[in-house]
**Q** 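Provided herewith is a single structure, encoded as structure tokens, for subsequent inquiry.
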Amino acid sequence: MAKDVLCEVNNCTFWDEGNHCSANAIYVVSHKGKQASNVEETDCKTFKPEK
């Protein structure tokens, strides 16, 4: 697993100083089944907005 996951979405529960992600796991999905051709065809399902 990647040791250093970066994220700029600072209103996410898992966002930490220095744009680091503090989630235990990252879940990324494709809009088109099991494959994606570019970043625009993916989403991070780990995102959880701050309360």
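The basis for the numbers below is simple: all heavy atoms, side chains too, and nothing from hydrogens, waters or symmetry mates. Keep in mind that this is a model prediction, so the values were computed, not measured.
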**Q** Could you list the cluster mates of Val29? Members are the ILVMFWY residues connected by side-chain heavy atoms closer than 4.5 Å, either directly or through other members.
**A**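 Same cluster as Val29: Tyr27.
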**Q** Would you tell me whether Trp15 and Asn11 have side-chain atoms, one donor and one acceptor, within less than 3.5 Å of each other?
**A**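 Their side chains do not contain a donor-acceptor pair, so the 3.5 Å distance test is not met.
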**Q** From the options Ile26, Asn24, Val5, select the one residue that forms a side chain to side chain contact (heavy atoms under 4.5 Å, CB included) with Thr46.
**A**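 Answer after filtering Ile26, Asn24, Val5: Ile26.
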**Q** Answer yes or no: is there a side-chain heavy-atom contact under 4.5 Å between Pro49 and Thr13?
**A**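 Heavy-atom side-chain distance check fails, nothing below 4.5 Å.
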**Q** Quick one: CG on Asp43 to NZ on Lys45, what's the gap to the nearest 0.5 Å?
**A**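 Answer for the CG-NZ pair, Asp43 versus Lys45, is 6.0 Å.
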**Q** Do the side chain of Thr42 and the main chain of Ser30 share a donor and acceptor less than 3.5 angstrom apart?
**A**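 No, the answer is negative, given that no donor and acceptor are paired below the 3.5 Å cut-off.
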**Q** With sequence neighbours excluded, give me every salt bridge (charged side-chain N to carboxylate O under 4.0 Å, His left out) pair touching residues 17-31.
**A**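 The answer is none; no pair qualifies.
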**Q** State which residues pass side chain to side chain donor-acceptor pair (under 3.5 Å) with Asp16; sequence neighbours excluded, sorted by chain then number.
**A**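 Asp16 satisfies side chain to side chain donor-acceptor pair (under 3.5 Å) with no other residue.
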**Q** List the residues meeting side chain to side chain donor-acceptor pair (under 3.5 Å) with Asp4, not counting sequence neighbours, and say none if there are none.
**A**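 His20.
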**Q** Transitive ILVMFWY cluster of Phe47 at side-chain heavy atoms under 4.5 Å: who else is in it?
**A**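 Direct or chained contacts put Phe47 with Val9.
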**Q** Without placing hydrogens or testing angles, list every side-chain donor-acceptor pair under 3.5 Å for residues 33-40, not counting sequence neighbours.
**A**
unit_1	atom_1	unit_2	atom_2	d
Asn38	OD1	Glu40	N	3.1
Asn38	OD1	Glu41	N	3.3

